[in-house]
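The analysis underlying the following values was restricted to heavy atoms, covering all of them including side chains, and did not include hydrogens, waters or symmetry mates. Nothing here was measured: the structure is a model prediction, and the numbers come from that model.
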Amino acid sequence: IDLQRLVTNLQTLYPNLTWHVDLVNVQTLHADASMMHQVLTNIVKNAAEAGAQNIDISARRTDQCTQLRISNDGTPIAAEVAREVFVPFFTTKKSGSGIGLPLSRQMMMAQDGDLSLAERPVTSYSTTFILTLQTYTR
């Protein structure tokens with residue numbers, strides 16, 4: 001899939017956020033477009049609901065994997081909550097269902113990938129999620 005197009009579509013859904021995007025080294029992903037759209041939308045939606053004003057998306061590829069780092073400057077995730085964010089039906093939101101992040105992780109795993117919360121966010125941000133996909137060579 002075209003990673004830039006995926007991010008551009010996401011930006012149109014959240015025009016009030018300031019976007020910092022570094023995809024220079026990764027143009028494409030070997031992934032399901034629909035699943036990736038859902039995963040990224042969920043992460044950005046959560047960030048917006050946590051009061052984020054800025055979203056940073058960067059991508060890096062090695063011989064083994066491709067990683068997307070999605071960071072935001074919203075309310076940080078407390079340490080005791082961080083352990084639970086991927087547990088189904090766990091939520092800190094009054095109107096939340098607690099299925100977004102667990103489902104997003106399942107979608108990543110269905111693509112032989114992973115979704116994790118970084119122990120330390122990217123500098124200047126409060127929260128960073130890491131999406132990892134295997135790198136396939138042709």
Side-chain angles (χ1 to χ4, degrees):
I1 61 173
D2 182 328
L3 185 55
Q4 183 61 56
R5 182 179 306 153
L6 183 66
V7 172
T8 299
N9 289 340
L10 200 57
Q11 289 172 307
T12 61
L13 293 174
Y14 295 92
N16 295 334
L17 296 173
T18 300
W19 293 81
H20 310 274
V21 180
D22 178 8
L23 305 176
V24 180
N25 297 320
V26 180
Q27 308 295 308
T28 60
L29 292 177
H30 183 81
D32 180 278
S34 178
M35 284 192 209
M36 289 304 294
H37 176 77
Q38 185 61 47
V39 170
L40 292 174
T41 299
N42 185 61
I43 291 170
V44 173
K45 177 181 178 279
N46 285 348
E49 290 174 354
Q53 300 294 310
N54 292 279
I55 298 288
D56 181 271
I57 298 180
S58 63
R60 289 200 174 85
R61 179 172 285 149
T62 68
D63 290 341
Q64 293 78 35
C65 70
T66 301
Q67 282 194 337
L68 292 179
R69 293 182 183 269
I70 300 134
S71 303
N72 73 77
D73 62 352
T75 303
I77 297 174
E80 61 275 5
V81 172
R83 291 186 286 276
E84 308 292 332
V85 296
F86 295 110
V87 174
F89 308 111
F90 174 82
T91 185
T92 58
K93 301 177 200 171
K94 290 179 182 175
S95 64
S97 63
I99 60 169
L101 287 174
L103 182 61
S104 293
R105 180 180 255 178
Q106 293 250 321
M107 284 190 265
M108 291 303 297
M109 292 170 73
Q111 301 175 83
D112 294 325
D114 192 29
L115 170 62
S116 61
L117 177 63
E119 287 184 28
R120 285 185 223 131
V122 169
T123 304
S124 301
Y125 293 91
S126 57
T127 304
T128 299
F129 283 93
I130 303 168
L131 284 72
T132 305
L133 291 162
Q134 291 182 4
T135 298
Y136 292 94
T137 55
R138 294 180 186 197

Between Leu115 and Ile43, is there a side-chain heavy-atom distance shorter than 4.5 Å? yes
- If you group Ile, Leu, Val, Met, Phe, Trp and Tyr by side-chain heavy-atom gaps below 4.5 Å, do Leu29 and Leu23 land in one group? yes
query: Side chain of Asn25, backbone of Arg60: donor and acceptor closer than 3.5 Å?
result: no
Item to complete: Take Arg105 and Asp114 through the side-chain contact (heavy atoms from CB on, under 4.5 Å) test and state the conclusion after the steps.
Response: CA-CA 6 Å; Arg105 180 180 255 178; Asp114 192 29; 3.8 Å; yes
Applying side-chain contact (heavy atoms from CB on, under 4.5 Å) to Gln67 and Thr132, what does each step give before you reach the verdict? CA-CA 5 Å; Gln67 282 194 337; Thr132 305; 3.4 Å; yes
CG (Leu40) and CE (Met35) are apart, to the nearest 0.5 Å, by 13.5 Å
*Between Leu133 and His30, is any pair of side-chain heavy atoms under 4.5 Å apart?*
no
Residues Ser104 and Val39: closest non-hydrogen pair is O-CG2, 3.6 Å
Would you say the side-chain atoms of Thr128 pair up with the backbone N or O of Arg69, donor to acceptor, closer than 3.5 Å?
no
- Beyond-backbone contact of Leu68 with Leu3, side-chain heavy atoms, under 4.5 angstrom: yes
**OP:** Spell out, yes or no, whether Ile99 and Leu117 are grouped together once hydrophobic residues are joined by side-chain heavy atoms under 4.5 Å, including indirect joins.
**Re:** no
Margin query: If hydrophobic clusters are built by linking Ile, Leu, Val, Met, Phe, Trp and Tyr wherever their side-chain heavy atoms come under 4.5 Å apart, do Val85 and Ile70 end up in the same one?
Written below: yes
Expected output: side-chain Asp73 to main-chain Asn54 donor-acceptor under 3.5 Å:
yes
Are Leu103 and Met109 in one and the same hydrophobic cluster, where Ile, Leu, Val, Met, Phe, Trp and Tyr link if side-chain heavy atoms are under 4.5 Å apart?
no
Practice prompt. Would you confirm whether Trp19, through its side chain, and Tyr14, through its main-chain N or O, come within 3.5 Å as a donor-acceptor pair?
Written response: yes
Rounding to 0.5 Å, atoms CD (Gln38) and NZ (Lys45) come to a distance of 9.5 Å
In this structure, OG of Ser116 is separated from CZ of Phe86 (nearest 0.5 Å) by 6.5 Å
Closest heavy-atom pair, Ile1 versus Ala31, reported as atoms and distance to 0.1 Å, is CG2-O, 3.5 Å
Practice item. Answer yes or no: is there a side-chain heavy-atom contact under 4.5 Å between Leu101 and Phe129? Key: yes
Distance col, row Met36:CE vs Thr41:OG1, nearest 0.5 angstrom, shows 10.5 Å
Kindly check if the number of other-residue, nucleotide or ligand heavy atoms within 6.0 Å of CD (Gln11) is above 12?
yes
### Task
Could you tell me whether the side chain of Glu84 and the main chain of Glu80 form a donor-acceptor pair under 3.5 Å?
no
Review point. Would Ile77 end up clustered with Val122 when hydrophobic side chains under 4.5 Å apart are linked, directly or stepwise?
Key: no
Notebook entry, point to check: Under a 4.5 Å cut-off applied to non-hydrogen side-chain atoms, are Thr66 and Arg61 in contact?
Noted result: yes
- Donor-acceptor contact present, side-chain Ser126 to main-chain Gly74, <3.5 Å: yes
Subject >> Under 3.5 Å: donor-acceptor pair, side chain of Thr75, backbone of Ala50 >> reply: yes
* With a 3.5 Å cut-off and no angle check, do the side chains of Thr8 and Gln4 form a donor-acceptor pair? -> yes
In this structure, CD1 of Ile130 is separated from OG of Ser58 (nearest 0.5 Å) by 9.5 Å
Quiz item: Would a 4.5 Å heavy-atom cut-off, applied to side chains only, mark Val44 and Leu13 as touching?
Solution: no
For Gly100, is there any backbone N or O sitting under 3.5 Å from a side-chain donor or acceptor partner on Asn42?
yes
So CG of Asp22 and CG of Asp56: to nearest 0.5 Å the spacing works out to 8.0 Å
